[in-house]
Amino acid sequence: MGYVPVIDENACAGHAVCDAIAPEIFEVEEVARVIGSGPDELILEAAQGCPSVAIRVLDDSGRQVFP
Amino acid sequence: MKRCIALIGGGLAAQRCAEALRRGGGEQPIVLVCAEHHRPYSRPPLSKELLLAGERAEDAAYFKLPAWYHDHEIELRPGVRATGLDLRERAVLLSDGRRIRADQVLIATGAQPRTLPQLAGRTNVSSLYTIADAHALRRAIIGGGALAIIGAGFIGQEVAAAARSLGAEVTIVDFAAAPMASLLGERLGSWFADFHRGHGVRLLLGRTIAAAIGDRAIRALELSDGTVIRCDHVLVAIGVRASIDWLQGTGLPGLGALAGAIPTDDRGATSIPGVFAAGDAAAPFDALLGRHVPCAHWEAAGRLGAGAGRAMLGLQSGAAPASSFWSDQYRTRFQYIGHAPLADSLEIDGDLDAPSFAAIFRRAGTPVAALLAGRPQQLPAMRRLIASGV
């Protein structure tokens with residue numbers, strides 16, 4: 001259950017905003033990787049904060065919530 | 001002594017290069033030389049969060065905790081400058097008198113702010129490029145008084161926005177008729193001028209600095225049209241030039257004519273095997289424009305640094321998408337992608353007052369660039385639009 005973040009590695013420029021907002025969920029080295037899970041709001045906040053808009057957020061039915 | 005990889009520079013490009021080397025399985029010793037007394041940090045917050053929040057925002061600017069460098073066996077040399085490169089001996093000469101013998105070298109010494117000779121030596125004139133600059137500028141802003149910003153580019157605009165948010169009186173002076181007119185054209189440039197005027201910034205355009213009035217500290221600036229503006233602090237934000245003077249005389253090709261930065265391919269490789277450059281010091285070849293173009297922006301610097309790291313290991317990199325650039329001003333995010341100066345037409349869709357709009361630049365009907373204001377979620381679509389057009 002809950003939101004799932006998906007990184008577009010081509011779009012990711014390694015800003016690491018997601019890592020700063022949700023270090024339990026994202027880790028950035030060169031590009032971001034998903035390393036864990038967390039509350040929906042935190043995933044959404046990280047995705048919205050990404051300057052490259054490289055994080056897609058899907059809900060549990062696979063529907064895109066963001067962007 | 002075992003030879004190593006020397007990364008010269010403590011910014012984004014060197015950091016991403018180090019990460020790429022370790023992620024790619026590179027086991028050679030890595031020495032990372034930082035001219036500043038800090039471990040590598042990200043510069044974009046300097047004109048945004050660090051001005052607004054000061055030292056509280058500093059921790060977030062560092063890419064990694066100190067332990068990361070230890071854990072990844074990367075030797076940091078903070079407070080040390082490279083003073084020369086001996087290509088025959090494959091050695092980097094350092095300001096502390098030591099040498100680093102290296103099989104491979106990344107030149108990522110960044111840039112330094114351009115200055116105005118007529119303001120040299122004054123006590124209340126500064127630039128913004130380092131953490132120390134940001135803290136000093138914040139002290140000047142919160143100390144009260146009038147801030148004069150010379151240069152209406154993105155840095156000047158971001159500082160203006162932060163300073164207004166902190167309650168300062170702000171004047172921007174620029175020689176162009178509209179901010180960033182050479183990049184975005186006069187129509188959008190004028191929009192930015194109005195945007196800042198709406199937030200209480202005074203913009204004096206189409207004018208240059210004729211004289212600085214005051215003794216050690218500047219009390220007022222006289223402009224080319226005779227206007228006199230009172231100021232307590234002056235920020236010069238008229239761009240940067242690559243910090244590559246230390247390479248003069250080394251025989252590194254491409255420096256003779258001083259193209260402005262070191263020419264490289266799209267992986268940061270120079271014409272000397274084993275010598276790479278990335279970040280503000282580099283000018284990678286741009287296939288679209290058909291020439292070497294200074295790396296200049298954050299995303300491009302990170303990609304080139306990472307690409308150089310992979311190339312040092314003999315690994316390939318995928319084709320990079322067009323880099324975007326972003327700016328935060330008064331809680332609005334601006335994003336720019338592509339090459340607007342190529343365009344022959346401009347279409348603006350959305351609400352200019354909100355602001356929430358997409359400005360799309362086209363050449364012969366084909367999208368070549370876009371500027372988004374307050375519409376970050378539209379960036380992926382714009383990136384696809386421009387990629388498909390070229």
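A note on names: the letters A, B, ... follow the listed sequences, proteins ahead of strands, and every chain is numbered from 1.
At a heavy-atom cut-off of under 4.5 Å, chain B is reached by His15(A), Val28(A) from residues 15-28 of chain A, listed in order of number. Below 4.5 Å, heavy atoms of chain A meet heavy atoms from Trp68(B), His72(B), all part of residues 65-75 of chain B.
Partners of Arg39(B) by salt bridge (Lys or Arg N to Asp or Glu O under 4.0 Å), not counting sequence neighbours: none found.
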Only distances under 3.5 Å count here; give the side-chain donor-acceptor pairs of residues 6-14 of chain B to other protein atoms, sequence neighbours excluded, each with its distance to 0.1 Å.
none

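In this structure, Glu29(A) and Arg22(B) have side chains that are not in contact, with every pair of non-hydrogen atoms separated by 4.5 Å or more. Within the 4.5 Å cutoff, side-chain heavy atoms of Ser52(A) are placed close to those of Glu299(B).
Using a 4.5 Å cut-off between heavy atoms, Arg375(B) does not touch chain A at all. Contact annotation for Arg333(B): only side-chain heavy atoms (C-beta onward) come within less than 4.5 Å of a heavy atom of chain A.
Across all non-hydrogen atoms, the minimal contact from Ala20(B) to Glu30(A) is CA-OE2, 3.3 Å. Heavy atoms only, all atoms of each residue included: Pro51(A) and Ser324(B) are closest at O-OG, 4.5 Å. When all heavy atoms of Gly14(A) and Trp298(B) are compared, the pair lying nearest together is O-CH2, 3.3 Å. Taking all atoms of both residues into account, the shortest heavy-atom contact from Pro376(B) to Val53(A) is O-CG2, 3.0 Å. The two residues Asn10(A) and Arg303(B) make their nearest non-hydrogen contact at O-NH2, 3.0 Å. In this structure, Ala11(A) and Arg383(B) approach most closely via the heavy-atom pair CB-NH1, 3.4 Å.
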